[in-house]
Amino acid sequence: MKSIIRDISLAPAGYDKINWVKAHMPILNTIEARFKDQQPFAGKKVAICLHLEAKTAYMALVIQAGGAEVAVAGSNPLSTQDDVVAALVQEGVTAFATHDCSPEEYHDYIRRLAEFEPDLYIDDGGDFTQLLHDAYAGKLDHMIGGCEETTTGIVRLQAMARESALKVPMVAVNNAQMKHFFDNRYGTGESVWNAIMRATNLVVAGTTCVVIGYGWCGKGVAMRAKGLGARVIVTEVDPIKAIEAMMDGFRVMPLVEAAPLGDVFITVTGNRHVIDRDAFEQMKDQAICCNAGHFDVEINKEALADMAQDCRRVKPNIDAYSLADGRKIYLLAEGRLVNLAAGDGHPAEIMDLTFGLQVLSLNSLVENRPAPGLYPVSPAIDREVAEIKLQALGVEIDRLTEDQAAYLNSWSLND
Ligand code: NAI
């Protein structure tokens, strides 16, 4: 199939970006060497529908090194980096992706990825899985399986599995310990602030930041805001998470009470319209809103546009909505995942963990050929990724003695 990309002459800059991350992804380096030798994906087609930046590109090349024919499409129009995609195409990967494409182009690219007829795939958020089930259901029988990257995608897969509508074996990579402990918490925490600071170039210390949602990602965003010197308010709907936030040292209150206090608002809930008209009405002049949840539905931007007399792009990734009472509210990255749309996403060392889980889970699908359904990442893969990481860091840990293992085992047998 013929690739659709912006410009192949951008490839040299893409190679530089890929080589930079490759030097910081020891887990993928180790697996790449193994895959080159063992060729686990020989004769298989692998589709990848993820944020197309350098770390994803390196993972695509690792899968290709394992013998696969690889095709990619972006999982978000603003996170695709045209130079990286050009380098991938130069390496023989098929790509359907252009930065800032229209919604029509975005859906056309994902459709083309489905027509590649993959044996295996990696999805982020569930759009590709949904498309396969809606429009290509007749072709799912031959499919070996797929892996899902994020919380929102897992929620969608769980709903499909409950209704017996899931027709392919899927691995819930997000739910592995080596994923959400690190990617969601430390990756999102660091990269969200990196993106906000890049986009705004404003000080964080001394400001009041409102973090909406105290799940795995929200914990990271709140922790890093505190580290940067912000006063942090958390809003939640889950009473247990609310208490956790309080015990972690944050103020907890309903959003309408936090709205007049906040300088920066960050949504990380996986939910819809968590910042809505009632909150916009209370916000200070020049309040900044952004989203780090998977879809651009967490901030009700239609309501904001409706309330505004004018909306103007005042800086790359910053839109100013001018309200009738003279206040301005700033929205970053059109309410899309701020860390990917206004930044380069998670640090390479974090994505090394996640992508290590992804490629080993794909390999396990080939080896085990499970029936359609939703599966956890095997604990052995979770541990293997942790072991390779420790090795790469040169960190030794204690090991259970036989006696200790037997002792612990006797307790679990008695449970
Ligand atoms: P999670 O399920 O651990 O946490 C979500 C939290 O939001 C829950 O505690 C829930 O009670 C809370 N919540 C739901 N509705 C709310 C409301 N109206 N007000 C306040 N709190 C509310 O999920 P996780 O892993 O933190 O993921 C959150 C979102 O971020 C998902 O869409 C996920 O796909 C996405 N994600 C984004 C990443 C990024 O790079 N920006 C990385 C990983 C995940």
Side-chain angles (χ1 to χ4, degrees), residues 50-51 53 55-56 75-76 78-79 123-127 129 148-158 172-196 210-224 233-246 248 250 252-259 262 265-276 278-279 289-300 332-333 335-348 350-351 353-355 357-358:
L50 290 177
H51 301 288
E53 43 69 59
K55 286 137 318 187
T56 308
S75 61
N76 183 314
L78 289 188
S79 61
D123 195 9
D124 185 3
D127 280 354
T129 300
E148 170 55 52
E149 168 91 355
T150 197
T151 315
T152 286
I154 306 290
V155 171
R156 293 173 81 182
L157 288 175
Q158 283 165 338
V173 170
N174 179 75
N175 295 3
Q177 296 186 66
M178 288 302 291
K179 163 66 166 72
H180 62 267
F181 282 5
F182 303 102
D183 176 313
N184 299 36
R185 183 167 39 174
Y186 296 104
T188 311
E190 182 166 325
S191 61
V192 159
W193 283 106
N194 174 28
I196 294 172
V210 181
V211 178
I212 300 156
Y214 201 68
W216 287 103
C217 295
K219 285 192 239 296
V221 172
M223 175 186 12
R224 293 303 180 226
I233 298 173
V234 168
T235 75
E236 250 298 342
V237 290
D238 178 329
I240 300 172
K241 302 277 177 59
I243 294 172
E244 190 182 6
M246 280 177 62
D248 286 343
F250 303 115
V252 176
M253 63 182 75
L255 180 59
V256 280
E257 284 176 29
F265 295 80
I266 303 147
T267 55
V268 249
T269 67
N271 203 347
R272 185 167 174 263
H273 294 178
V274 293
I275 301 186
D276 214 332
D278 52 347
C289 295
C290 63
N291 166 50
H294 186 77
F295 285 118
D296 61 345
V297 298
E298 303 214 4
I299 298 171
N300 189 348
L332 304 190
R336 296 178 195 276
L337 286 159
V338 70
N339 54 330
L340 282 138
D344 289 329
H346 292 3
I350 298 278
M351 291 317 293
L353 305 171
T354 300
F355 288 162
L357 294 167
Q358 288 283 14

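First listed ligand is number 1; within each ligand, the first listed atom is number 1.
Side-chain contact check for Asn339 and Asp344: no donor-acceptor pair (N or O, by modelled atom type) lies under 3.5 Å.
The protein atom (non-hydrogen) at minimum distance from atom 35 (C) of ligand 1 is His294 N, 3.6 Å. Looking at atom 21 (N) of ligand 1, its nearest protein heavy atom turns out to be Gly213 CA, 3.5 Å. Protein heavy atom at the shortest distance from atom 30 (O) of ligand 1 is Gly293 CA, 3.5 Å. Of the protein's non-hydrogen atoms, the one nearest atom 37 (C) of ligand 1 is Ala292 O, 3.2 Å. Nearest to atom 43 (C) of ligand 1 among the protein's heavy atoms is Cys217 SG, 3.5 Å. Looking only at protein heavy atoms, the nearest one to atom 4 (O) of ligand 1 is Gly215 CA, 3.1 Å. Regarding atom 22 (C) of ligand 1, its nearest protein heavy-atom neighbour is Thr269 CG2, 3.5 Å. For atom 25 (O) of ligand 1, the closest non-hydrogen atom of the protein is Thr151 OG1, 2.7 Å.
Under a 4.0 Å criterion applied to the non-hydrogen atoms of Trp216, ligand 1 contributes the atoms 3 (O), 25 (O), 26 (O). Of all the atoms in ligand 1, the ones that sit under 4.0 Å from a non-hydrogen atom of Asn339 are 39 (C), 40 (O), 41 (N). For ligand 1, the atoms lying closer than 4.0 Å to a non-hydrogen atom of Asp238 are 11 (O). Residue Val274 approaches ligand 1 through these ligand atoms, each under 4.0 Å from one of its heavy atoms: 17 (C), 18 (N). Against a heavy-atom cut-off of under 4.0 Å, Thr150 is close to the following atoms of ligand 1: 33 (C), 34 (O), 35 (C), 36 (N), 43 (C), 44 (C). Residue-ligand proximity, Val237 to ligand 1, at heavy-atom distances under 4.0 Å covers atoms 11 (O), 13 (N), 14 (C), 15 (N), 16 (C), 17 (C), 18 (N), 19 (N), 20 (C), 21 (N), 22 (C). Distances below 4.0 Å separate heavy atoms of Gly270 from the following atoms of ligand 1: 29 (C), 31 (C), 32 (O).
Residue pairs meeting the salt bridge (charged side-chain N to carboxylate O under 4.0 Å, His left out) criterion with at least one member in residues 177-189, sequence neighbours excluded, are Lys179-Asp183.
Atom NZ of Lys241 and atom CG of Asp248 lie 12.0 Å apart (nearest 0.5 Å). The distance from the OH atom of Tyr186 to the NZ atom of Lys219 is 11.0 Å, given to the nearest 0.5 Å. Rounding to the nearest 0.5 Å gives a distance of 8.5 Å between CD1 of Ile275 and CG of Asn291. Here OG of Ser191 is found 6.5 Å from CG of Leu340. Values are rounded to the nearest 0.5 Å.
Heavy-atom distances between His346 and ligand 1 reach below 4.0 Å in at least one pair.
The only member of Val221, Ile299, Val338 that meets side-chain contact (heavy atoms from CB on, under 4.5 Å) when paired with Thr267 is Ile299. Across Val237, Leu255, Val234, a single residue satisfies side-chain contact (heavy atoms from CB on, under 4.5 Å) together with Ile212, and that is Leu255.
Contact annotation for Asn271 and ligand 1: only side-chain heavy atoms (C-beta onward) come within less than 4.0 Å of the ligand. The proximity of Leu337 to ligand 1, defined as any non-hydrogen pair under 4.0 Å, is limited to the side chain.
A search for side-chain contact (heavy atoms from CB on, under 4.5 Å) contacts involving Arg336 returns Asn76, Pro77, Leu78, Asp296, Glu334, Ala341, not counting sequence neighbours.
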- [ ] Determine, stepwise, if the pair Thr235 / Phe250 fulfils side-chain contact (heavy atoms from CB on, under 4.5 Å).
- [x] CA-CA 10 Å; Thr235 75; Phe250 303 115; over 6 Å; no
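For ligand 1, none of its N or O atoms has an N or O atom of Asp183 under 3.5 Å away. Residue Asn184 places at least one N or O, backbone or side chain, under 3.5 Å from an N or O of ligand 1.
In this structure, the side chain of Lys55 engages the main chain of His346 through a donor-acceptor pair within 3.5 Å.
The residue among Lys219, Arg336, Glu236 with a heavy atom at the shortest distance from atom 10 (C) of ligand 1 is Glu236.
Shortest non-hydrogen contact noted between Asn271 and Val297 is O-CG2, 4.1 Å.
For Asp127 and Arg156, the salt-bridge test passes: some basic side-chain N is under 4.0 Å from an acidic carboxylate O.
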